[in-house]
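Presented below is the structure to which this report refers.
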Amino acid sequence: ICYYSQDKICNGTIPNVIIELKNKPASKYALKQVERYLDLLYLVLNKNDAEKIRVYIIAPSSNINLSESKYQNKIKIICLT
């Protein structure tokens, strides 16, 4: 899910918030998926615009260790249990 806020990136063509929804516990594979999204966005955007993007992984539970991610300050995990 992509969310576009008032603080537009590239005239509103790039989302400010990316939400990765999981119906099973989030694992390192979910983390790798959102890291690939961010890798691509950092390639195509300037650093200032890329820094505006936030990513959320929403799942029933999680065994993700964010300290292993180079994007640990950009990714938030929300557990719904």
Side-chain angles (χ1 to χ4, degrees):
I1 297 172
C2 296
Y3 177 79
Y4 301 80
S5 71
Q6 294 287 15
D7 188 17
K8 294 180 180 177
I9 300 174
C10 292
N11 295 318
T13 60
I14 303 292
N16 302 70
V17 177
I18 298 170
I19 301 169
E20 182 74 13
L21 294 174
K22 298 294 178 190
N23 63 354
K24 295 182 179 172
S27 66
K28 65 181 180 181
Y29 302 107
L31 180 60
K32 295 297 178 195
Q33 179 68 41
V34 297
E35 287 177 333
R36 286 192 297 269
Y37 298 155
L38 288 167
D39 285 343
L40 176 64
L41 291 166
Y42 270 88
L43 280 175
V44 299
L45 298 172
N46 65 53
K47 185 176 180 183
N48 287 336
D49 283 341
E51 288 296 320
K52 296 176 186 176
I53 299 169
R54 296 290 171 254
V55 177
Y56 297 90
I57 300 172
I58 301 175
S61 62
S62 170
N63 61 7
I64 294 174
N65 182 357
L66 277 180
S67 66
E68 298 173 359
S69 175
K70 63 183 171 184
Y71 298 114
Q72 60 185 305
N73 65 327
K74 301 193 72 49
I75 301 170
K76 301 278 188 242
I77 299 171
I78 299 172
C79 296
L80 300 176
T81 56

* **Interatomic spacing from CD1 in Ile19 to CD1 in Ile78 - rounded to 0.5 Å** => 7.5 Å

* Asked: Hey, any chance Val17 and Leu38 share a hydrophobic cluster, counting ILVMFWY side chains that come within less than 4.5 Å of each other, even indirectly?
  -> no

* **Nearest-0.5 Å distance, CD of residue Glu20 to CD1 of residue Ile1** => 9.0 Å

* Asked: Given side chains that start at C-beta, do those of Asn63 and Ser27 come closer than 4.5 Å, heavy atoms only?
  -> yes

* Asked: Heavy-atom distance under 4.5 Å between the side chains of Leu41 and Ile18, does that happen here?
  -> yes

* Asked: Is the closest side-chain heavy-atom distance between Val34 and Tyr56 below 4.5 Å?
  -> no

* For Ala59 and Pro25, work out which heavy atoms get closest and say how close. => CB-C, 4.5 Å

* Asked: Would you call Asp49 and Lys52 a side-chain contact if the rule is heavy atoms closer than 4.5 Å?
  -> yes

* To do: Using distance alone, with no hydrogens and no angle criterion, decide if Gln33 and Tyr29 have a side-chain donor and acceptor under 3.5 Å apart.
  => no

* To do: Taking salt bridge (Lys or Arg N to Asp or Glu O under 4.0 Å) as the test, write out the residues that go with Lys32, two or more places apart.
  => Glu35

* Ser67 to Gln72 - nearest heavy-atom pair and separation -> CA-OE1, 3.6 Å

* Structure fact -> Between Cys10 and Leu45 the two heavy atoms that sit nearest each other are SG-CD2, 3.4 Å

* Structure fact -> In short, Ala30 meets Ile64 closest at the heavy-atom pair CB-CD1, 4.4 Å

* Structure fact -> CD1 (Ile14) and SG (Cys2) are apart, to the nearest 0.5 Å, by 9.0 Å

* Is there a path from Leu40 to Ile57 through hydrophobic residues (I, L, V, M, F, W, Y) whose side chains come within less than 4.5 Å of each other? -> yes

* Looking at side-chain heavy atoms only, is the closest gap between Leu31 and Leu66 below 4.5 Å? -> yes

* With sequence neighbours left out, write down each residue that passes salt bridge (Lys or Arg N to Asp or Glu O under 4.0 Å) with Lys74, or none if nothing qualifies. => none

* **Approximate separation, where rounding is to 0.5 Å, of Ile77 CD1 and Ser61 OG** => 10.5 Å

* **CG-NZ distance between Asn16 and Lys8, expressed to the nearest 0.5 angstrom** => 10.5 Å

* Asked: If you count the non-hydrogen atoms of other residues, nucleotides and ligands that lie under 6.0 Å from OH in Tyr4, is the total more than 12?
  -> yes

* Verdict with reasoning, Arg36 to Asp39, per salt bridge (Lys or Arg N to Asp or Glu O under 4.0 Å) -> CA-CA 5 Å; Arg36 286 192 297 269; Asp39 285 343; over 6 Å; no

* With side chains defined as the heavy atoms from C-beta onward, is the minimum distance between Ser69 and Ile75 less than 4.5 Å? -> yes

